[in-house]
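What follows is a single structure, written as structure tokens, with notes after it.
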Number of protein chains: 2
Amino acid sequence: MSRPTKHDPERGDARTRLLEAARDIVRTQGFAATSVDQLCRAAGVTKGAFFHHFASKEALGVAAAEYWAETAGTLFSTAPYHDHADPLDRVLGYVDFRREIIAGDIGEFTCLVGTMTQEAYASHPAIREACAAAIFDHAATLEPDIAAAMKARGIVGEWTPTSLAAHTQAVLQGAFILAKAADDPAVAIDSVDHLKRYLTLLFQTPSKGRTT
Amino acid sequence: MSRPTKHDPERGDARTRLLEAARDIVRTQGFAATSVDQLCRAAGVTKGAFFHHFASKEALGVAAAEYWAETAGTLFSTAPYHDHADPLDRVLGYVDFRREIIAGDIGEFTCLVGTMTQEAYASHPAIREACAAAIFDHAATLEPDIAAAMKARGIVGEWTPTSLAAHTQAVLQGAFILAKAADDPAVAIDSVDHLKRYLTLLFQTPSKGRTT
DNA sequence: ACATAAATACCGACCGGTTGGTATTTATAC
DNA sequence: GTATAAATACCAACCGGTCGGTATTTATGT
């Protein structure tokens, strides 16, 4: 055990390590099934440190959602799909980028805030709000490109950029659930392919494509 | 309290009441956050009865998923959308039927097995399997109509009836997550509308609509 | 028809371990 | 020296699960 003290920086401070532990463990076990002790063990800190940084387990959940939104924000804002000249290519490039991420271990590509939403939407309003912000703020980053693609092609469909952006997130979240159920990422990739096909059909339609 | 004995049938036996309590409570709180005591209180039975009918809390989770699959099975097999002559109309009728269900309280139209999958896929393999069966067996009921619609229109796309059926479930599951996050069923309805639009575009396409 | 045996269904007190959270102390940084 | 960060010790409530027992239904032997 040697000397446990001396403020060992190791990898980041205690708060960040707890947030990263939450990201990894909550994604595979869920929020309720993850105990504070387990988080502390994984982060290599004591309970005292936990409750120094977070007022409660719920507060940790909120912070984890915010941390998730932050890291995802930089991941996607620096991704290469923004380089395409055509706005539709940027949207399709986003879907391709999401598709690439889906591989390997399920606990590593699935979405923390989607998982937490399911458990916390009724019992922990603060967590629900933080998750909603993470999801819909991320969706909002797609709206300008969708709107530009609509304008460029003169599309005036009965749907809005907001609802289409939200739909992309719904497909992704649902794909994650199916991948977890099937214990196989392939089914998630199939759904993302269907999403890309939808976007392509939507924007290649010469007429308005009335359906409803 | 009067006389508690004499095998009071009230509303179904203890097992069914526990299953119904699980369906209602787990959908809003999640599996891990729902205690056995809470289930017993809601079902009006004692802990002794619980562990008489179920070997463990996990076994209750498996049984709840199976019960869900059973009740959903009768709900959808007796639904009116099967009456359409055109197989595509049956598929679109299914989507309409799902759309109609999405209304009112979120805890009442969301999916038990989708919720449980998120929490249990890694920690409770038996629950994961039961949820997977519920989801994919339900999806499979759409495959014959999808296949018939493809054949009727001579569509030989790069996708399969199985993957499209699974995709419908992904959209629904994702729509539920977004509804929970936004605390508003409207966003779920929007996604279902996008799904219907996708199906319509897919099957009205004269060419194969190569995209990938 | 009836006594008896054996399942089945259910009850509720109880157990050891874990839970989220607190109080107090100790080390570090500026 | 004082604010911040972290460690230690501790707690009452709650957790899933057990257990000995009782009531009721069903099967069986005569």
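All values derive from a computational prediction rather than experimental measurement. Just the heavy atoms: all of them, side chains too, but no hydrogens, waters or symmetry mates, feed the values below. Naming: A, B, ... by sequence-line order, numbering from 1 per chain.
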How close or far is atom [atom2] of [N] from atom [atom1] of [X], stated in whole angstroms?
{"X": "A/D37", "N": "C/dT18", "atom1": "CG", "atom2": "C1'", "answer": "8 Å"}
{"X": "A/Q38", "N": "C/dT19", "atom1": "CD", "atom2": "C1'", "answer": "12 Å"}
{"X": "B/F50", "N": "D/dC15", "atom1": "CZ", "atom2": "P", "answer": "13 Å"}
{"X": "B/R17", "N": "C/dA9", "atom1": "CZ", "atom2": "C1'", "answer": "12 Å"}
{"X": "A/F51", "N": "D/dA9", "atom1": "CZ", "atom2": "C1'", "answer": "15 Å"}
{"X": "A/D13", "N": "C/dA29", "atom1": "CG", "atom2": "P", "answer": "13 Å"}

Salt bridge (Lys or Arg N to Asp or Glu O under 4.0 Å) against [X], all qualifying residues, sequence neighbours excluded:
{"X": "A/D183", "answer": "none"}
{"X": "A/D37", "answer": "A/K47"}
{"X": "B/D96", "answer": "B/K196"}
{"X": "A/R90", "answer": "A/D145"}

Picking from [options], which would you name as closest to the side chain of [X]?
{"X": "A/V36", "options": "C/dG20, C/dC11, D/dA6", "answer": "C/dG20"}
{"X": "A/V45", "options": "D/dT18, C/dT22, D/dA7", "answer": "D/dA7"}
{"X": "A/A14", "options": "C/dC11, D/dA6, D/dG16", "answer": "D/dA6"}

Q: May I ask you to evaluate whether A/H52 reaches the phosphate of D/dA5, defined as a side-chain N or O under 4.0 Å from OP1 or OP2?
A: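 Yes.
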Q: Indicate whether OP1 or OP2 belonging to C/dT19 is found under 4.0 Å from a side-chain N or O atom of A/S35.
A: yes
**Q.** Sorted by number, the residues of residues 53-67 of chain A with heavy-atom contact under 4.0 Å to DNA chain C
**A.**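 When residues 53-67 of chain A is checked for heavy atoms under 4.0 Å from DNA chain C, the hits, listed by number, are A/S56, A/K57.
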**Q.** Expected output: side-chain B/R27 to main-chain B/E108 donor-acceptor under 3.5 Å
**A.**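 Pair found, side chain donor or acceptor close to backbone of B/E108.
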Q. Between A/A33 and B/K47, which is nearer to the 5' end of DNA chain C once each is assigned its nearest nucleotide?
A.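 Result of the comparison: B/K47.
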Q) What pairs with A/Q169 under side chain to side chain donor-acceptor pair (under 3.5 Å), at least two apart in sequence or on another chain? A) A/Y94
Q) Are a donor atom and an acceptor atom from the side chains of A/S123 and B/Q29 found within less than 3.5 Å of each other? A) no
